[in-house]
Amino acid sequence: MIATLDDLDVEGTTVGVRVDVNSPIDDDGRLADDARLRAHVDTLSELVDRGGRVAVLAHQGRPGGDDFVSLESHADRLSELLGQPVDYVDATFTEAAREAIRGLGNGDCVVLENTRFYSEEYMEFDPERAARTHLVEGLESVLDAYVNDAFAAAHRSQPSLVGLPTVLPSYAGRVMESELDVLGSIEETDEPRVYVLGGAKVPDSIDVAWSVLEKGLADHVLTAGVVGNVFLIADGVDLGDASSDFIYEQGYWDEIDRAADLLDAYGDRIALPRDVAVARNGERHELGVNALPPGDEESAMDIGESTLDYYRRILDDAETIILNGPAGVFEDDRFQTGTRQLYGAATAIPTSIVGGGDTASALRRLGIDDFSHISTGGGAALRMLTAESLPAVTALENAPHQPAADD
Ligand SMILES: Nc1ncnc2c1ncn2[C@@H]1O[C@H](COP(=O)(O)OP(=O)(O)O)[C@@H](O)[C@H]1O
Ligand SMILES: O=C(OP(=O)(O)O)[C@H](O)COP(=O)(O)O
């Protein structure tokens, strides 16, 4: 049983709120897309409106990456979104941070510095050990409560996600609540239930496929993107050197054997692309699988019309569809068709659930957003779809001061 904001007496309470605003960053090191910030506005505005003293904790990027930047521009944007001043302090758990938190009045909000500027926050710990890190020990004394709204990071066992809820009364924010509500009860959705696995996270997608087929959750698994390419090769199709080299370079070669095992076990419920699109003379060119391999240097970048017809026929009967990852290289106009049409068809199905942070924002840019639920998480959503527990969710379940089960 996880406590929510409904269980928290907010007025005058100093709350540490973990959000996931890990976002694309522009060449000047500033926020380039505010979708993830907007997702947390409900939680944050509720807390300030109810008189909370709000300290926001978040990570941005990974050490060494171009997007590993300060949260100053996130704070600026948050101020616009909340319609009130939001302070930023370039400290996370030191005396400067504690001073900023102690200085909050009711309804005030401050954004602390990128948690991953501190090495412990980029390591995974069990909750008890995480509770003895500098970040947790530094903040514990100035916080009355902890709210986790960072569903997209809930598969990470890092101090701000599993350590703070070990020592503070803890609550799920509104994003976390709605994600757990939808993704935690997939088995209650209507059948036939179809999973579409596309994109480039091949090992994760194969884990999901195994799990949902084994548990009988999926009536059909439709494959696309790099995932579809791996299944085609596993089925004996020669996709040519360019696609094979790409899969090899990504370190996914072993996944071909796993895909072949899956086809052996559940081939009747797994649908493979019937054609692919390549770039020929600078234009999109579709090739049936019987016409493969493609020319030298031609890579399978999207699914083609014949695959879309086949997949649409399967979708005709579906009551629930769960999609993860694009059908092709949607960043290139020539290879957007598969994603546009497949996801477009999915919006007509009564229950449509999309996982995958990057895919979700791309879909919004394509103007396709009429789904029952668009998850804020990529990796976290995939983990939930395999019915695996997420460390940050478990930490919330085990946190002190939980409401009684019959509350
Ligand atoms: N056939 C393909 N070949 C190469 N890359 C692909 C192909 N299909 C999809 N992709 C790439 O997959 C990436 C997104 O996949 P993924 O990271 O799994 O999605 P998400 O971020 O939503 O979880 C996109 O950058 C897209 O270009
Ligand atoms: O963007 C995130 O995950 P996602 O790419 O799976 O959606 C989260 O912020 C987690 O980031 P991480 O994968 O660097 O731990």
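One-based numbering, in listed order, for ligands and for the atoms of each.
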Pair F335 + F330: ring centers closer than 6.0 Å: no
F68 ring center within less than 6.0 Å of F117 ring center: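 They qualify: ring centres under 6.0 Å apart.
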Modelled atom types, side-chain donor and acceptor of E179 and H373, under 3.5 Å: yes
R18 and S160 side chains, donor-acceptor separation under 3.5 Å: yes
Residue among V196, D316, L342 satisfying side chain to side chain contact (heavy atoms under 4.5 Å, CB included) with Y311: L342
Of the listed options A327, A300, P326, closest to atom 1 (N) of ligand 1 (non-hydrogen atoms):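 That would be A300.
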Residue selection (non-hydrogen contact nearest atom 5 (N) of ligand 1) among V227, T339, V226, L197: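 Closest candidate by heavy-atom distance is V226.
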Polar atom proximity, E331 to ligand 1 (N or O, under 3.5 Å):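 It does: an N or O of E331 is found under 3.5 Å from an N or O of ligand 1.
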Distance-only N or O hit between ligand 1 and N324, under 3.5 Å: no
Going by the order shown, which atoms of ligand 1 are within less than 4.0 Å of some heavy atom of [X]?
| X | answer |
| --- | --- |
| M301 | 1 (N) |
| N229 | 1 (N) |
| G199 | 12 (O), 15 (O), 18 (O) |
| G225 | 1 (N), 8 (N) |

Min side-chain heavy-atom separation V86-V110 under 4.5 Å: no
Interatomic distance, S299 atom OG to N229 atom CG [nearest 0.5 angstrom]: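 Nearest 0.5 Å value for the OG-CG distance: 7.0 Å.
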Nearest-0.5 Å distance, CG of residue N106 to CG of residue D108: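 That separation rounds to 8.0 Å.
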Contact summary for A234 and I256, nearest pair of heavy atoms: CB-O, 3.4 Å
Contacting atoms of ligand 2, where contact means under 4.0 angstrom from a heavy atom of [X]:
| X | result |
| --- | --- |
| N22 | 1 (O), 2 (C), 8 (C), 9 (O), 11 (O) |
| A152 | 3 (O), 8 (C), 10 (C) |
| R156 | 12 (P), 13 (O), 15 (O) |
| D20 | 8 (C), 9 (O) |
| R62 | 12 (P), 13 (O), 14 (O) |

Can you confirm, on distance only, whether ligand 2 has an N/O atom lying under 3.5 Å from any N/O atom belonging to [X]?
| X | answer |
| --- | --- |
| T376 | no |
| H155 | no |
| G378 | yes |
| K201 | no |
| G379 | yes |

Carboxylate-amine/guanidinium proximity below 4.0 Å for D309 and R312: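 Here D309 pairs with R312 in a salt bridge, since their nearest N and O are under 4.0 Å apart.
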Side-chain ion pair, R258 and E255, N-O less than 4.0 Å: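 Looking at E255 together with R258, the answer is yes, because their closest N to O distance falls below 4.0 Å.
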Check contact between [X] and ligand 2, using heavy atoms of the residue and a distance below 4.0 angstrom.
| X | result |
| --- | --- |
| H59 | yes |
| E124 | no |
| R36 | yes |

Side-chain (T14) to main-chain (R53) donor-acceptor, under 3.5 angstrom: no
Residues which pass side-chain contact (heavy atoms from CB on, under 4.5 Å) with A265, listed by chain and number, not counting sequence neighbours: W210
Ligand 2-proximal atoms of R116, by part, heavy-atom distance under 4.0 Å: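 Near ligand 2, R116 shows its side chain, while the N, CA, C and O stay back.
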